[in-house]
Each structure stands twice: as structure tokens, then as C-alpha cells.
Amino acid sequence: MVGTPAYFFPPFAALRALSLQRVPYPMPRYNPSQIEAKWQAYWEENQTFKTAEMPEGEKLYVLDMFPYPSGNGLHVGHPEGYTATDITCRFERMRGKSVLHPMGYDAFGLPAEEHAIKTNTPPRESTEKNIANFTRQLKMLGFSYDWSRSLATTDVGYFKWTQWIFLVLFDTWFDTEKQQGRPISELPIPAEVTAEGEVAEAKYRDEHRLAYLDDALVNWCTDLGTVLANEEVIDGRSERGNYPVQRIPLRQWMLRITAYADRLEHDLDDVNWSDGIKKLQRDWIGRSTGAEVDFFTGGAEQFEDWKQSRATSGFPAKPTNDTLRVYTTRPDTLYGATYMVIAPEHPAVESLTSDEQAAAVKAYCEKASFKSDRERTEDTKSKTGVFTGAYASNPVNGAQVPIWVADYVLISYGTGAIMAVPAHDERDFEFAKEYEIEIIAVVDPGDRKGVDREEVLAGNRCFHGLGLAINSGQYDGTPTAEFKESIRESLARQGLGASAVNYKLRDWLFSRQRFWGEPFPILHELDEDGNATGVIRGVAEEDLPVDLPYLEDYKPHGRPEPPLAKADDQWLYPVIDGKRYRRETNTMPQWAGSCWYYLRYIDPHNEDCFVDPAREQAWMPVDLYIGGAEHAVLHLLYARFWHKVLYDRGHVTTKEPFQRLVNQGMILGEMEFTAYQDEMQNWVGVNQVSRGDDGLFRKEDGSEVQPVKLTEDQVAKKGDTFVLADHAEVRVDGRSFKMSKSRGNVINPDEIVDGYGADSLRLYEMFMGPLTATKPWSMSGVNGVKGFLDRVWRMIVNDRAESLELNEAVADVEADAEALKVLHKTIQAVTRDTENLDFNTAIARMMEFVNYFTKQESRPKNVLQSFVLLLAPYAPHIAEELWELLGAETTLAYEPWPECDESLLVESTIEIPIQIKGKVKSRISVAADISKDDLEQAARDDEKMQQLLADSEVIKVIVVPGRLVNFVIR
RNA sequence: GGCCGAGUGGCGGAAUUGGCAGACGCUCAGGAUUUAAAAUCCUGUGUCCGAUAGGACGUGCGGGUUCGAGUCCCGCCUCGGCUACCA
């Protein structure tokens, strides 16, 4: 494959074209398919990118977000981030760093399971097929991964350690005082629990583990007979079949991520991520401070007694039966609470509801159970609710406030109950308006812009800002902030309330009723009758992994129980020390495997340990992590959480896993122009058309119109809009859309590589624009960079020769000063831009280099060699080929990166613009190191300036040496 | 509704700290080469006025700061992404 003959066998089509020419022999033109295959084989044979176990010298860990190996293969979005990291890695290897750059697959997940159900084949089969295809595609792009470290989350040898980490979570409790996860054996157990015996102690421990069982709501679809993942539920109906989905409580594994909420938020300060992503994470964690307050529900006449008893007993840790506990961030508005709301799932619903209201409340709650949290919030316009018939006493003044059930209050946040202050909360205001509940203003906004004070005070408008207290008894006139403090103290003193912190972040629902995921390494103890005793234990480390059982049938069985429950008895009922157990049959969510894969890459084949401690210490943290913004919140938060637990338990040495994070932008489809036509084929402008809920396009009068795709030459630009070229009054919609199968604008990397080569694809994706920007695809842009590589080739290769040989202009000569200046300017710019991930401008600089040297009759060989090294990270295949042609015998992957000699860049004379009132009027050439005064004088002496300044009075002169001269005239 | 990001030629985009707007590429036009085409090479390509020289305008819109604003400040508009009653 290697050697000259390759160039005599261009592809068949090219050969046929050539035969039509009178040229008697094929010429050595740039042929990506041949040189790319050649160098990929070379790298593989020579293990060019195999990374040493331990770094030698400075280390660099560069990580890509690993893909889910779908059946569709790679999308052009994947190579964007992967090329960026590859350039960085190749660049830094040449700068002498020890680079770790691995790749793997996030291979558990729904599509494989769906495929399995449909075809009744094991999901492992299709997964392995897809992985093979992804690997082929990634290799075809020439990425410098150390493939010997590749892994898939579905590898038994990998998920053994995912299970092991789960057991670490299971074995850990969170010490709030120390803000640290500690071994469960160190959990202090209260004396009263100990007194109840061992079972009570075990239960107490289980309640404090970071991995614990709890009843949580799942999406149960009766018609499909299965539990669905959130992403399979759309608008409260199943994605498949469009059946209703109900939320039912089911015993679920939860991970106590909320315990780490503060640290997850705080430690964001220490990482180099964009402010946008940090903010997304902070908002997701959603820390808020306020107070929990108890409202007495035992009747107005008992209220004073209750208050008395609270004054002595203090605020109980758990609310008693005769109280309703709420969480509020605005305890200062307590006097304005005119009703209360509890969530439909609140445990007190039944006990609070009066007989008259029972039927209405029951019906309401049932209806609510069919809606997801998301769906409940969808029809934001009107709020619904139903009165329970009960009242509570406002702790500050004993006022009787009605208690309602409404689904705008969520059971999963705070206490699942609120005090409603319609005057100062938009949602409560809306609800109060709907049900004609009293609105009492208790915050005086004062006179401020955009607030109608009178309306607020009259209860006709809601105001949620800060102000001075009114209608609040002794507190009248107190500023909001101060009021908050003092009432919190007062409530605490009286045992009526306590300061509280809440998070939007919920504990992580970690189990799925699915087959294609990691089994939990958990056993449930059974009694003699085969019933669960409630005692659970982890599988012993030496018994890991718990592999997935073989299942004959993957179809749902109609009970809300996971598919693994259909496994045979041998798998399902292990016996240990004579005791019979039932295995946990839930599986872990897809997120699990991606929570720690970056650690396994460091030591992927270790069978004794999830990662060797010395290697972990040497390689961590990840220095650069690049991936899509769709993982900005969940994946990164989950992975950080696991990492912190591992840190607390001494298994890793860094607090944060990912030091620097960069999100690549989305690649959109090619620009599309659309206009519309009515049934008479008359053109209708885009500004007259709207898209209905049914997806059809209509004119304002309701008549339907058809979208018509236009070609570029049918369209003209008029002002800042597009119009039809021959009907300038018809406006055309010109935009790029997300790539999607249904739109038919998906670009397949295989086809680009076939037509232009991997180097062109890599280069184009980097040349499109800034890495982080959203940018539209353009086929002619791909062709453009291919043209650049063609010019690079011809700059060095004589493509008119009979065989592969250097261009006659390439000579073993000393470069002149100008050639050196061009080279070193290029080195400087490409180095700086590559460091900053400004790949698009680095490529532009290389194009300038080629434009210059293509015109030169004499091209010094050593200058071209340096250039080829600069090109190598971007277009490694052509670079290797040219490097070889220029005389090298081995890969350039570890050649030292060219150094910029700044002394060669010094200009002796520079051109300085001369402005009058900020507008450039002339230019002069001066010595680069000219003094300020001399520069001004030179500007005044300029012939053109003399004319222009002749009749005017110069009132000021701005002179910036090396930059410009600006005359301010009257 | 909230948050984040972005608006620069026909298109993608460039422009260290406020200092020559439009680098580089695409597209298009003209030319060279060719029997012809493709490929290649050369020239031009923001808008308007002008035969040319040259001039005026110009970074979404309206204001402001400055000798000087694509860049900074205030107020809007449009587009994209994320998010969705968190008390």
C-alpha cells in the first residue's frame, strides 16, 4: 500500500476521466482516500497514539463526551467536538506533553432495548454492531485516540465497577456537620433506636444511606403494561401508541444528591467553565433560603392553647397531626396569607377534607394523578383547585384561612404545602382572582417606576418586590429584609417556625423498570414464606459483577415490575449462608455509566480496582472536556456528585472531575429558502403565513397554503429581508434548521469522507466558525477547504510529474527575510489560535501562508517543513504524507512544534493611518520605533494632510505611536 | 413568562486593551489557458454617486460617553437555545 504505485491507481471514475485526456499517464494528484487509509494503517501498526500508563513530564487529559452508539451512526455534530479535542491533543503532543485522549461508548439505553423488543434479539447484539460501526467511522476520521483504552458502559468488566461504586454510595451517609460523606458504620445511632433492637438499627442506617429506597412516582402506562421513562412520555401520553400515562407510587432507588447540593454549587467557583453553564447548574440546584412555618388545623378555639404548648415544646422536627407545615421565602408576608394550598398528593389531604367536599377533592386529586409535573404547568393561564372544607389558624394573628388543594403546588418541593399571599405572589394572585379569595396587601412598594402603588395597596395588582410592611401589626413600617430576620427569630422563639433552606434539586430517582441497564448489586432478604423481610444487603465485592440474566422474552408483562423479574430462579433467588434472597430487579438509568467513565479510561483493564490510585493521581483531573450543551446540567451534575462521594471516601484525589469545560455549538442544516403558494399557485409571502397547531400553514384568512422550497437564484435580497427574484413584493423565509431525519437535511459523515476526505471534513468543521457557535452547514464550504488542501498539495508536490515528486519550486535553499517573516507570523498566529481553540482563524492564517508561497518561484524546503507541522493537528493525513515526501522517515506526531522567532517579525517601517475627526484621510510610512513627536510631525508634513488642514484650526492631536494620528479640527 | 447567547457584504465568518470594519473562505463576474469543457491560474466583488480620480454612507434600531465605538453605557427590536408555577 505504501509507496509510489498507489498514485498510479486513482479511483475508477477519475481514471476514466483521465483516459479521455491526451495526457498519457495519471498524475499524482491529492488523493485523500489513499493517503488517509495509508496513514491510519501506519498509526495503528505503530501504535503511534498509545499512551504510557503514567505520564512522562507534563500531563494533559483531554476528554470527549462519549457517544451513544445509535443505529444511525455518526452525525456531523460528533466530529465537531472530536476534531477540536484531536487538534488540541496532536498540538500538545508536539509541544512535549503527555496526552491522555481516550474514546468509548455510552451503550446502555432505550433504543437498543426497543429494538430488542421489536425483533426479539438480545440488545447486546445490536449494541455491539453499532459500536463496531461507530469505531469504524471514528477511525476513518483519523482521531488520535489510544484505542487500547476504549470501553463501553455495557462491558461486564466495566459495569462491575459501576456496581461497585453503587455499593460505595450504599455504604455512605452524609455527615451534615462535616459536610462530608462517611462510611455507614460510622453513623451515630440514637439511643432510642438502639433500644429497639438490631432491625430498627438497620432500618435507621438504610434511611441514611446515600442510596436508599423510597416510594416515588413513576409513569405507569396501563395500555402498554409498562413503566415509561420520562423521555417516553409526551404531554401525559405514551410516545409509543399515544396511551394515557398515570403517575403511580412505586418503591424506587434514590440517590441523596441533595446532601451535596451546597458543595455542588460552591465548587463551581473552582472550575474553568463558561459562566452560562455554571449559571445553568446553579439554577438547577436552585438554593433558596426562608422559613418553615406551622399553621394550626385543630380549630380556632384550640389555637391559643396550641400556641402556648409550642412556646414550651419548641418547633418539632416533624410536624404533628394538628398542624400544616409550609415553606416560604417570604415570612415577612405572613400577615397577608389569606389561604393555604396543599398538593393533591399531600398526606393530609384526606384528614383535612370535610364530608361535603370529599367527592370534589377526590375527583380533583385523581385527575391530577394523570398529569405529570410538567403537564400541570403547561396550561399556565388558568389555575385550578378545590376547597377542602378545612381552615387553619395563621400563627401570627390566629386568623382563619381556608385550605385548598391545587396542583400548582408540587408535593416534591418544600413541604408540599404553602401559605398563599395573593397580594405578593403572582401564582397566588392568579388563583385568588380565579376563586375570589381575599387579597390583603402587606408590602408597600412605595413610589417606583413601573409599579402602580395604589392598585397594589388595593389588592388589584400583584407586587413581589421589597418594600415596607403594612397591615402587619407591630411590624408596620419595617423594611422587607429586616422584617424577614425579625419574624424568623420571633417564630423560632415561639416554636412556630424555623429557618430552612430548600433546593429545586431533587434526590435522584435512580432505578428504571428496564432490561438494558446495570443490575443493582442488591439482595432482598426473604422469610420462609418467600416474602421480603425488608432487610437489604449489598452483593459482596468478590461476587461482582452481577451480570444481566438471559431472558427469553423482553416484552412487557403488564405489571409495574421490571423485566428482570422474569429471570430464572437461579439468577433471581440466590442463597447465601442458608438464607434465601431475591435480587433487586430494577436497573440503573443510562446516566450511571457516564458518571465515572473518565476515571476508567485511566486504567481500563484493572481487574482489582476501579482505577489504580497512583494512576488516578497522576492523570486527574480532566484538563479539557468538550461536548454538547445538552449535557450541561444532568450528566455534569450527576458525574460531579459521584466524584465527590468517591472523593469523600478517599477513592479519588480531586474535588472536581472536569477542570475546563467547553460546549461545542450545534451544526444546522444547509440554508433553506421557503415561500408559499395558495391553491391558485399565487405566491404568498412568509410574513402573511402562520403555522397552526396542526402543522399546516395558513394565511390570515384561514386558507391553507403550501410551502415551496426555493433555490438560491430564485431569491434576492431586499433591505434586510429576502424576496422572490421576480416578485419582489413576496417575502421569502431564509434560514437554517436543526438537522433531522424528517426534514431530510441530515449530512452523513461517511459521504463527506467519500467525496472529499477526512482531512477536508475535519478542516471544514473547524473552519465554519467559532467552536462554540451554532453554524449552518454548507457543501460549497466543504469544497472550499478541499480546494485549500489541493493547493497545499500542489505547493509541495509536482502534480504534473509522472510519479510522486516535489514541486520544482521546492528547493533546499536558505529562506529570505520575507519568507521567514511570513513563516514566523504564521507560526505565531497558528500557535496562539490553537491554544485558544480559535481553530477557524488558525486555518485562515494557514491559507494566507499557502497563498503567499504558491506565488513564490522558490519555496525553501525547511519553511515548508515547518508549515506541514503547523497543519498536522488539523489535517494529519495529508501532513504526514507531505512530511514523508519532504524527507522524513517517521511520523510527525512527536516532532517538536515550530517555535516563533519574534526577532524575525520586527518591521523596520510601518504604515500609520492619519485621521481627521476619526476618519482616515491619509497614510504615511514611518520608522517602526518613531517617537510620538516625530510621528505627529511626519503626519503634519504629509502632503495630503497639508492640503486638508490648510484652512482649518487644529484644536487637538491624538497620537498613538505605532497605531495612528488623529487631528481634531474646528 | 424566565434565563443564556447572537444580530457585521449575496453567504459562513474576521477584527488583542475602544484605534485603518469586512482578514480567510464560499458565491458571482471578467480574463488567461483549452478545439471545447472540467481543472488550474490571474483580476474584481459592502452600498450609493462618479467614465476615472475621488467622494458619501455603512456593523439590528434609537439615544449616550469619547478625539475616536462592531467593541463601553442606557432603552428597544428580531432570531436561536435552554427552562418552565420551586412558594
Side-chain angles (χ1 to χ4, degrees), chain A residues 17 20-21 29 274-277 279-280 283-284 286 288 290 326-330 333 341 373-374 376-378 380 383 406-410 412-421 424-428 430-431 464 502-506 629-630 632-633 665-666 668 671 712-713 715-717 720 722 734-736 738 764 767-770 772-785 787-788 790-791 794 799 832 836 838 840-848 851 854-855 911-920 923 955-958 960 962-969:
Chain A
L20 299 172
Q21 296 185 358
R29 294 169 63 157
S274 75
D275 290 341
I277 295 292
K279 191 167 187 320
L280 275 177
D283 288 351
W284 191 263
S288 78
V326 302
Y327 170 73
T328 177
T329 56
R330 293 293 299 270
T333 58
V341 184
D373 275 10
R374 187 188 212 111
R376 284 189 194 180
T377 67
E378 233 141 52
T380 45
K383 300 219 175 331
D407 65 8
Y408 82 89
V409 169
L410 308 172
S412 46
Y413 185 76
T415 60
I418 62 159
M419 63 174 208
V421 185
H424 306 292
D425 181 286
E426 296 285 354
R427 299 149 299 185
D428 298 344
E430 235 174 78
F431 190 83
H464 53 252
N502 257 299
Y503 300 94
K504 276 163 75 170
L505 182 69
R506 309 292 152 82
E630 66 273 20
V633 178
M666 203 192 326
L668 303 174
M671 172 92 135
E712 226 179 309
D713 47 326
V715 177
K717 182 111 180 191
D720 41 347
F722 291 103
R735 52 194 291 199
S736 304
K738 232 183 202 175
Y764 173 64
F767 188 60
M768 287 170 91
T772 54
T774 304
K775 2 177 216 284
W777 187 266
S778 152
M779 230 39 193
S780 48
V782 181
N783 200 40
V785 293
F788 164 66
D790 275 325
R791 286 197 296 281
R794 288 195 303 267
D799 69 337
R832 187 206 335 114
N836 297 336
D838 292 329
N840 53 332
T841 49
I843 294 166
R845 296 287 92 84
M846 290 191 269
M847 286 172 168
E848 285 176 308
N851 289 345
T854 301
K855 291 191 174 84
E911 196 180 65
I912 297 284
I914 306 171
Q915 304 178 328
I916 292 177
K917 288 170 110 174
K919 306 242 178 232
V920 179
R923 290 166 215 281
I955 48 177
K956 197 173 177 186
V957 186
I958 316 292
V960 185
R963 281 278 188 206
L964 53 58
V965 180
N966 187 11
F967 291 99
V968 187
I969 60 171

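Quantities reported herein were computed from a predicted structural model and do not represent experimental measurements. Order of the sequence lines sets the chain letters (A, B, ...), proteins ahead of strands, with each chain counted from 1.
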Nearest whole Å is fine: how far is [N] [atom2] from [X] [atom1]?
X: A:Trp284; N: B:rG81; atom1: CH2; atom2: P; value: 18 Å
X: A:Met671; N: B:rC11; atom1: CE; atom2: P; value: 7 Å
X: A:Tyr408; N: B:rG1; atom1: OH; atom2: P; value: 21 Å
X: A:Asp275; N: B:rA6; atom1: CG; atom2: P; value: 12 Å
X: A:Ile955; N: B:rC67; atom1: CD1; atom2: P; value: 9 Å
X: A:Leu280; N: B:rG5; atom1: CG; atom2: P; value: 10 Å
X: A:His464; N: B:rC85; atom1: NE2; atom2: P; value: 16 Å
X: A:Asp283; N: B:rC85; atom1: CG; atom2: P; value: 14 Å

Using a 4.0 Å heavy-atom cut-off across all strands, classify A:Thr854 as base, sugar-phosphate, or nothing.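 No contact.
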NA contact type, A:Glu426, heavy-atom cut-off 4.0 Å: base, sugar-phosphate, or nothing?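 Result for A:Glu426 = nothing.
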A:Met419 and A:Thr328: which non-hydrogen atoms are nearest, and at how many Å?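 A:Met419 and A:Thr328 have their closest heavy atoms at CE-OG1, 3.8 Å.
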Looking at A:His424 and A:His464, what are the two nearest heavy atoms and their distance?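 Closest pair (atom of A:His424, atom of A:His464, distance): O-CB, 3.5 Å.
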Under the salt bridge (Lys or Arg N to Asp or Glu O under 4.0 Å) test, residues paired with A:Lys279 that sit two or more places apart: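 If we apply the salt bridge (Lys or Arg N to Asp or Glu O under 4.0 Å) test to A:Lys279, skipping adjacent residues, the hits are A:Asp283.
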By salt bridge (Lys or Arg N to Asp or Glu O under 4.0 Å), which residues pair with A:Glu630, not counting sequence neighbours?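 Counting only residues at least two positions away or on another chain, A:Glu630 forms no salt bridge (Lys or Arg N to Asp or Glu O under 4.0 Å).
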Can you tell me which nucleotide in B:rG68, B:rA87, B:rC79 comes closest to the side chain of A:Arg735?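 Closest nucleotide among those given: B:rC79.
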Taking only the side-chain heavy atoms of A:Arg794 (C-beta and beyond), determine which of B:rC3, B:rU40, B:rC67 contains the nearest atom.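 Minimum distance to the A:Arg794 side chain belongs to B:rU40.
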Contact under 4.0 Å: [X] side-chain N or O vs [N] OP1/OP2:
X: A:Lys855; N: B:rC42; result: yes
X: A:Lys956; N: B:rC67; result: yes
X: A:Thr772; N: B:rG5; result: no

How far does the [atom1] atom of [N] sit from the matching atom of [M], given to the nearest Å?
N: B:rC82; M: B:rG12; atom1: C1'; result: 25 Å
N: B:rC73; M: B:rG18; atom1: P; result: 11 Å
N: B:rU27; M: B:rU78; atom1: P; result: 35 Å

Paired with B:rG7 by Watson-Crick or G-U wobble geometry, both distances under 3.5 Å: which nucleotide is it?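 Pair assignment: B:rG7 / B:rC77.
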Spell out protein contact along nucleotides 23-32 of chain B as letters: B when the base is contacted, S when just the sugar-phosphate is, - when no protein heavy atom is under 4.0 Å; keep the 5' to 3' order. BBSS------
Specify the glycosidic conformation (syn or anti) of B:rG31, with syn defined as within 90° of 0.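 Base orientation: anti.
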Would you call the rings of A:Tyr764 and A:Trp777 parallel, tilted or perpendicular, where under 30° means parallel and over 60° means perpendicular?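 Ring orientation of A:Tyr764 relative to A:Trp777: perpendicular.
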